[in-house]
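One structure below.
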Amino acid sequence: QVQLVESGGGSVQAGGSLRLSCAASGYKYCMGWFRQAPGKGREGIATISRDGITSYLDSVKGRFTISRDNAKNTAYLQMDNLKPEDTAMYYCAAGGAVQQTCVRVAVIFDYWGQGTQVTVSS
């Protein structure tokens, strides 16, 4: 069992930045960030493999950067130039088998954090 603890959410104005952190109690090959806005489904926004291979949702490319510290089993999501449409609950996820492609779909992730709210005002 792997537990994930997120931190770093909050409220910012459009154009601002936030950095989310996700501390995992154990190692998993893939780590990712998903978000869910009110009335919408959960969408995968960024994933990273242990080897540093990343995948991004088109709408966040160039604004968000996912990274991880394997020694600390921690993933990060640096979010710059935030927009009101980025407002959502953000979830960290971990899972996947070694050398698996870390696609941005929930089914490959076995463990989830409790979520952290990000609110961007215009």
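Note: hydrogens, waters and symmetry copies are ignored here, and every other heavy atom, side chains too, is used. Positions are given from 1, in the same order as the sequence printed here.
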>> Suppose we screen for side-chain contact (heavy atoms from CB on, under 4.5 Å). Which residues come up paired with Cys30, at least two apart in sequence or across chains?
In response: Cys102, Ile108, Phe109

>> For a quick test of reading the model, state the closest non-hydrogen atom pair linking Val2 to Ala24 and the distance between them.
In response: CG1-CB, 4.1 Å

> Shortest non-hydrogen contact from Ala106 to Trp112?
Replying inline: CB-CZ2, 3.7 Å

>> How close do Ser55 and Arg104 get, counting heavy atoms only, and between which atoms?
In response: OG-NE, 3.0 Å

> Tell me the disulfide bond (SG atoms under 2.5 Å apart) pairs involving residues 61-92, sequence neighbours left out?
Replying inline: Cys22-Cys92

> Can you list the residues that meet the side-chain contact (heavy atoms from CB on, under 4.5 Å) rule with Asp51, with sequence neighbours excluded?
Replying inline: Tyr29, Ser49, Gln99

> Which disulfide bond (SG atoms under 2.5 Å apart) pairs, counting each pair once, include a residue from residues 51-80, with sequence neighbours left out?
Replying inline: none

>> Restricting to non-hydrogen atoms, name the atom on Ser122 and the atom on Ala14 that form the minimum distance, rounded to 0.1 Å.
In response: CA-CB, 4.3 Å

>> Once side chain to side chain donor-acceptor pair (under 3.5 Å) is applied, do any residues pair with Gln117, and if so which ones, sequence neighbours excluded?
In response: Thr119

> Tell me the salt bridge (charged side-chain N to carboxylate O under 4.0 Å, His left out) pairs involving residues 72-84, sequence neighbours left out?
Replying inline: none

>> Please list all pairs meeting salt bridge (charged side-chain N to carboxylate O under 4.0 Å, His left out) that have one or both residues in residues 52-62, counting only residues at least two apart or in different chains.
In response: Asp58-Lys61

>> My understanding is that a hydrophobic cluster links ILVMFWY residues whose side chain heavy atoms are under 4.5 Å apart, including indirect links. Using that, what else belongs to the cluster containing Leu20?
In response: Val12, Leu18, Met31, Trp33, Ile45, Ile48, Tyr56, Leu57, Val60, Phe64, Ile66, Leu77, Met79, Leu82, Tyr90, Val118, Val120

> What pairs of residues pass the salt bridge (charged side-chain N to carboxylate O under 4.0 Å, His left out) test when at least one of them lies in residues 23-48, not counting sequence neighbours?
Replying inline: Arg35-Glu43, Arg35-Asp86

>> Show every disulfide bond (SG atoms under 2.5 Å apart) that has at least one partner inside residues 32-68, sequence neighbours left out.
In response: none

> Who passes side-chain contact (heavy atoms from CB on, under 4.5 Å) against Ser21, sequence neighbours left out?
Replying inline: Ser7, Tyr76

>> Within a 6.0 Å radius of atom CD on Gln3, are there more than 12 heavy atoms belonging to other residues, nucleotides or ligands?
In response: no

